[in-house]
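For the single chain, residues carry numbers from 1 onward in sequence order. Here the structure is a predicted model, which means the values were calculated and not measured. The analysis underlying the following values was restricted to heavy atoms, covering all of them including side chains, and did not include hydrogens, waters or symmetry mates.
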Amino acid sequence: MALLVVALWVAPQAEAQNWRLEPTFGSIALRSGFVPDPHRHRVIAGGDNHFLGSEDCRFGGWFASPPDYRLIYEAGRFPTLTLTVDAPGDTMLLVNDPHSRWYCNDDHDGRNPLIRFANPPTGQYDIWVGTYNRSNVRNAVIYISER
């Protein structure tokens, strides 16, 4: 079964999302082949900044200004890196990769977002989990996997 790559590049218009700020819910350094896979981390989705979307990313949602979570990734033998979110509400995913490119996804499986990087570069991935409406979604979990 072929894997669907769901990563849309967003023009650098996510000025309200500031990757220079310290992430609200921490960070992790993972080297290719990390165990356990997937790595999981709880966050609270949403924020006060309305992301309007762009031509490449046609959704709007509510995000925090600082990243929710930061991944420092050392690439290796695995050809993909997948970031996804599981939450009891409608969430969105926004990622700034090591080359300062923006990616986003909404509703990969009808409600939860997924971004898959083919041949992911080594470096810093800043991750935001947003919400469709302005409310916060507690118990959101970011999953990071090479599978």
Side-chain angles (χ1 to χ4, degrees), residues 1-47 49 51-132 137 139-147:
M1 183 171 151
L3 293 176
L4 175 65
V5 177
V6 183
L8 300 173
W9 182 73
V10 179
Q13 44 68 40
E15 289 99 17
Q17 284 62 54
N18 187 343
W19 59 268
R20 291 176 182 93
L21 296 175
E22 286 297 313
T24 304
F25 299 99
S27 61
I28 186 81
L30 296 174
R31 173 182 277 169
S32 184
F34 59 86
V35 176
D37 184 346
H39 167 77
R40 299 174 254 244
H41 194 78
R42 290 192 183 281
V43 299
I44 297 173
N49 295 308
F51 175 80
L52 297 175
S54 71
E55 185 176 313
D56 297 316
C57 194
R58 298 180 189 272
F59 69 81
W62 295 91
F63 292 85
S65 184
D68 290 308
Y69 197 53
R70 179 170 290 148
L71 167 63
I72 307 299
Y73 180 68
E74 185 177 325
R77 60 189 168 119
F78 290 91
T80 61
L81 178 67
T82 302
L83 307 176
T84 188
V85 174
D86 185 39
D90 191 4
T91 57
M92 301 164 187
L93 190 57
L94 184 63
V95 176
N96 186 349
D97 82 354
H99 298 299
S100 296
R101 290 183 298 229
W102 292 89
Y103 296 83
C104 66
N105 185 255
D106 179 27
D107 296 340
H108 166 72
D109 69 357
R111 186 182 73 198
N112 293 311
L114 178 145
I115 296 174
R116 181 168 293 128
F117 295 92
N119 302 310
T122 292
Q124 178 174 307
Y125 293 77
D126 290 297
I127 305 164
W128 287 261
V129 181
T131 55
Y132 179 72
V137 175
N139 301 319
V141 180
I142 297 170
Y143 291 90
I144 302 169
S145 179
E146 294 177 308
R147 297 182 193 167

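The distance from atom CG of N119 to atom CG of L81, rounded to the nearest 0.5 Å, is 11.0 Å. In this structure, CD1 in I127 is found 5.0 Å from CG in L83, a value given to the nearest 0.5 Å. Atom CD1 in I44 sits 11.5 Å away from atom OG1 in T131 (nearest 0.5 Å). Atom OH of residue Y103 and atom CG of residue D97 lie 4.5 Å apart, to the nearest 0.5 angstrom.
Qualifying side-chain contact (heavy atoms from CB on, under 4.5 Å) partners for I28, counting only residues two or more places apart in sequence or in other chains: L30, H39, Y69, L71. Residues satisfying the salt bridge (charged side-chain N to carboxylate O under 4.0 Å, His left out) test with R31, not counting sequence neighbours, are E74. Every residue two or more places apart in sequence or in another chain that forms a side-chain contact (heavy atoms from CB on, under 4.5 Å) with T24 is listed here: P66. Residues satisfying the side-chain hydrogen bond (donor to acceptor under 3.5 Å, both in side chains) test with Y125, not counting sequence neighbours, are none. Remark: D68 engages no residue in a salt bridge (charged side-chain N to carboxylate O under 4.0 Å, His left out) (not counting sequence neighbours). With sequence neighbours excluded, no residue satisfies salt bridge (charged side-chain N to carboxylate O under 4.0 Å, His left out) with D90.
Remark: side-chain polar atoms of N105 are paired, donor with acceptor, to backbone N or O of L114 under 3.5 angstrom.
Residues V95 and F117 form a side-chain contact, since some pair of their non-hydrogen atoms from C-beta on lies under 4.5 Å apart. Counting heavy atoms from C-beta on, the side chains of I142 and F25 never come closer than 4.5 Å. Counting heavy atoms from C-beta outward, E146 and S32 have side chains that approach closer than 4.5 Å.
Nearest heavy atom pair, residue P121 against residue A75, reads C-CB, 4.3 Å. V137 and P88 make their closest contact through CG1-CD, 3.9 Å (heavy atoms, listed as atom of the first residue, atom of the second, distance). Listed here is the closest heavy atom pair of D37 and I144: OD1-O, 3.9 Å. Scanning both residues, T91 and A45, for their nearest heavy atoms gives CG2-CB, 4.0 Å. In terms of heavy-atom proximity, Q17 sits nearest to L94 at CG-CD2, 3.7 Å. Looking at every heavy atom in both residues, P113 comes nearest to T84 through O-OG1, 2.7 Å.
A centroid separation of 6.0 Å or more is found between the aromatic rings of W19 and W102.
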